[in-house]
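Down below is the structure, laid out as structure tokens.
In this chain, numbering begins with 1 at the start of the sequence shown.
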Amino acid sequence: MADKMLAKRVGRSYIYDLGSASKDQYCLVDSAPFKKTVADSKQMGLFIYCDRSYVCIGSQGKSANDTGNRRLQEIIAGKKFNQACRLLLVTGKAITKDSISFIESTLVNELKKADWARSNTNKKLDIVDNIPTPQHSISMFEHFLTLISNLYRSGHKGKKKSSDDTYNFPDETPEILSSIWDVLHEVGCSNKTIPDSIRDLLISKYSPRLSLDSTQQNILNSIVETPDDNHIILGGAGTGKTLLLFKIAAELDKRAQAVIDRDDPANGQIALILQSNFKDEGKDIEEQYHMGNVGIYTIGSFTSDAVKVLADPTKEVRYSTILVDEGHGLPSFKKGRLPKTNNGFRAQWYRSYTVKDRNGNAVDFTLSKYFNGELPGKLKYSGKPVKDFIDFFHYLKAQGRIRNVVICYDPDQWIYSGAIGRDSDFQFSGDECKYHGIQFIPHRLEHQYRISPEGQNSDSGSDFIKGIRYFLQLDTDNDFNREVFKQKSKREKVENADPYFGIVNSIQELFDYVDEKKKQHPGSHNRVVASYAVDWDRDKPGQKVWFDTDESGHILNSWAWNDRQKDFVYEESSEEEHRHQVGSIFAAQGQDLDYAGVIVARDIGYDGQHVHGIPENYRHTAGIIPQSEKDQYGIAHYKQAFDQQIRGIYYVLLTRGIHGVRVFFQDKALEQHFKDIMGIH
């Protein structure tokens, strides 16, 4: 065997491939670990041999008997590997006794559906390990999916989480399954590019749910069946907006793949616009879902592509649908009021592109010049100005570049001054919605799925959200069960369960909490997060800016801000590093955390009557409301706008944790107010 061989890195694991692996996904690596695993019966490994008529699945190491070791060595010695005969060996931290059992059972189940069975004389399925037979594997797989949807991230009444809860499975498990199935498909074992069951598992890393409820399914059906209408999906934290958006993208992609006529309105790219901190994860899902007609964008990258299309009217580029997640965060453009931001509409409006006109002459192209008619091909937008991105989308639709727009929106999650969520121009009247005269069909999501307190009833998550909204004075409804905020509920005392919510006395205790939960649940995503309440010097990465101090002011412990916004939560290679940094609001927004530690800093306080923002303690200079607004609109307007922004920030931060959250209040008056309204004594 050569010193180098093809392997694919999946998180903390490797998939070695003896055969003809896809060179764009696999790379040459040292073959020593492969040889060591094969030679040492104690080395944990999962192997799959496949050709068109024979599939062998087995394992070796601590979870297998000697049969697996011998069978793997026999295959290596007796087979010639090529594009049609492949041997995969998966090793690494993701390969555990539990994950091997689950991967094997899933593969057996899906191969059975693809007409692979022991009774088929033309095809042989060789299961080396003692796992359920194909006849029993369906029920086992369905049981596991039930664990995921009911226990992992949903929290149904009366259900207690199992020790086999999916956040005990390493993150890589679904992706490993997907990669193995890709090879089975390439060899010809199945005509399915990827089974629906594996596709759904790929989302489990990022979403509170794997499947849609009836309300979400009805919204999906409405959107795909009325593809010429604009839609707005309204929902609070944890209502499943992002999952629904991915499901809509997958369904539209499926329909687009069936389009034959190039002039069909459904023929065109589906643009899925995500927050920048989730773009890479979105691309992973898109690739693993095999959504060939879906493009993943940030609002900046989408605008860049769209501007280049407008610069050359001869380009036949169109989008069948624009799907926008976190639409309340779309950058706004209001002259003289909001600061310039990197990806803001103001920045895009004046950004210059060097393009060629119809005569081949190079010109500097900007949106500003374009809408003033200074370039060839004078086009007007029904006499209306383009003020922000929603107007821009509608302009593209009027030009035939877009078929429709779907926006997810929650104005209470407005977190920076340059976003349209600040001064919402959406006007709702009954079942109608308009934005600057643009018609949208509104859909509402009410049920909360993210918060899943252990040992409590199914409404506890909704009670928690209501309590947070009431505390932040986003809502006046105080009719919620405060039991979820108690340090130990009666049931938790009986069952010795860990309470969902707790208040701690230091930042160090927050980090201790997320570390302990990582030990208990190795596959969990746990972070300490905070508002932008201390300075962040980009020229000094790793600088310690968050501190615990004693009564004399001496520093006891210190921490740095997150070193990156993208991949702060889900990147396994930097898991240890990121778990010991403080994640900013911009790294946390739109992310699900299994366990969250939240610093409630000194940019929010309580004056005896109101929970309010404290501008001098908020440090995000680009995102804060400009001081000039005090002169133009008055101090009352300024304070009201800033209070709204700070409340939105803490609404986002305090609703990230799925299975648990711990909070440290720097302002003790605010902490006491919180305890008073929650009945914590």
Side-chain angles (χ1 to χ4, degrees), residues 145 148-150 153-154 192-204 206-236 238-261 264-274 282 285-286 289-296 318-327 393-394 397 402-410 426 428-435 438-450:
L145 281 183
I148 294 177
S149 63
N150 290 351
R153 294 180 183 251
S154 295
K192 280 188 177 181
T193 54
I194 183 172
D196 290 342
S197 59
I198 298 177
R199 286 172 60 144
D200 285 342
L201 283 171
L202 291 168
I203 296 183
S204 67
Y206 310 109
S207 172
R209 287 176 62 84
L210 300 180
S211 58
L212 303 181
D213 64 21
S214 58
T215 299
Q216 293 167 324
Q217 187 62 52
N218 289 336
I219 293 173
L220 183 150
N221 294 340
S222 174
I223 289 172
V224 299
E225 296 300 336
T226 56
D228 294 313
D229 295 325
N230 299 322
H231 299 262
I232 180 170
I233 302 171
L234 302 159
T239 52
K241 298 186 295 296
T242 301
L243 170 66
L244 175 56
L245 216 60
F246 271 102
K247 293 285 189 176
I248 293 169
E251 181 61 30
L252 291 173
D253 176 70
K254 187 186 301 183
R255 297 186 179 213
Q257 290 184 28
V259 171
I260 300 175
D261 183 359
D264 190 306
N267 180 34
Q269 189 183 62
I270 300 141
L272 182 52
I273 299 176
L274 304 172
I285 295 175
E286 175 234 345
Y289 254 54
H290 300 275
M291 295 191 290
N293 295 287
V294 177
I296 304 296
R318 69 184 306 276
Y319 306 89
S320 62
T321 299
I322 303 295
L323 302 169
V324 184
D325 196 21
E326 308 283 353
F393 294 149
H394 191 62
K397 181 177 179 179
I402 293 175
R403 191 178 186 188
N404 69 335
V405 180
V406 179
I407 296 176
C408 290
Y409 192 78
D410 178 7
F426 281 109
F428 296 91
S429 177
D431 293 333
E432 292 188 351
C433 172
K434 288 186 177 180
Y435 188 93
I438 305 165
Q439 192 78 38
F440 283 83
I441 297 176
H443 308 276
R444 289 176 171 81
L445 297 173
E446 302 289 347
H447 193 83
Q448 190 284 133
Y449 287 107
R450 178 182 291 132

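Between I223 and T321 the shortest side-chain heavy-atom distance does not fall below 4.5 Å.
Nearest heavy-atom pair across F428 and C433 is CE2-SG, 3.4 Å. Closest heavy-atom contact between R403 and D228: NE-OD1, 2.8 Å. Across L220 and I248, no two heavy atoms sit closer than the pair CD1-N, 3.8 Å. Closest heavy-atom contact between D253 and G292: OD1-N, 3.3 Å. For the residue pair V405 and F440, the shortest heavy atom distance occurs at O-CE2, 4.3 Å. Closest approach of A249 to I270, counting heavy atoms only: O-CD1, 4.3 Å.
In this structure, OH in Y319 is found 8.5 Å from CD1 in I273, a value given to the nearest 0.5 Å. Rounding to the nearest 0.5 Å gives a distance of 7.5 Å between CG of L252 and CZ of R255. Note that CD1 of I322 is 8.5 Å distant from CG of N404, once rounded to the nearest 0.5 Å. In this structure, F246 CZ and L212 CG are separated by 13.0 Å, a value rounded to the nearest 0.5 Å. If you take CD1 on I232 and NZ on K434, they are separated by 14.5 Å, rounding to the nearest 0.5 Å. The SG atom of C408 sits 7.5 Å away from atom CG of L445, with the distance rounded to the nearest 0.5 Å.
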Query - Derivation and outcome, side chain to side chain contact (heavy atoms under 4.5 Å, CB included), residues T239 and D410 - result: CA-CA 10 Å; T239 52; D410 178 7; over 6 Å; no
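Listed by chain and residue number, E251 satisfy the salt bridge (charged side-chain N to carboxylate O under 4.0 Å, His left out) test with K254 (two or more places apart in sequence, or in another chain). With sequence neighbours excluded, no residue forms a side chain to side chain donor-acceptor pair (under 3.5 Å) with Q439. Under the salt bridge (charged side-chain N to carboxylate O under 4.0 Å, His left out) criterion, E446 pairs with no residue, sequence neighbours left out.
Around CD of Q217, the count of heavy atoms belonging to other residues, nucleotides or ligands within 6.0 Å exceeds 12.
Inspection of the N230 and Y435 side chains reveals no N or O donor paired with an N or O acceptor under 3.5 Å.
Below 30°, between 30° and 60°, or above 60°: for H231 and H443 the angle between ring planes is below 30°, a parallel geometry.
A donor-acceptor contact shorter than 3.5 Å is absent between the side chain of K241 and the backbone of I407. A donor-acceptor contact shorter than 3.5 Å is absent between the side chain of D325 and the backbone of L274.
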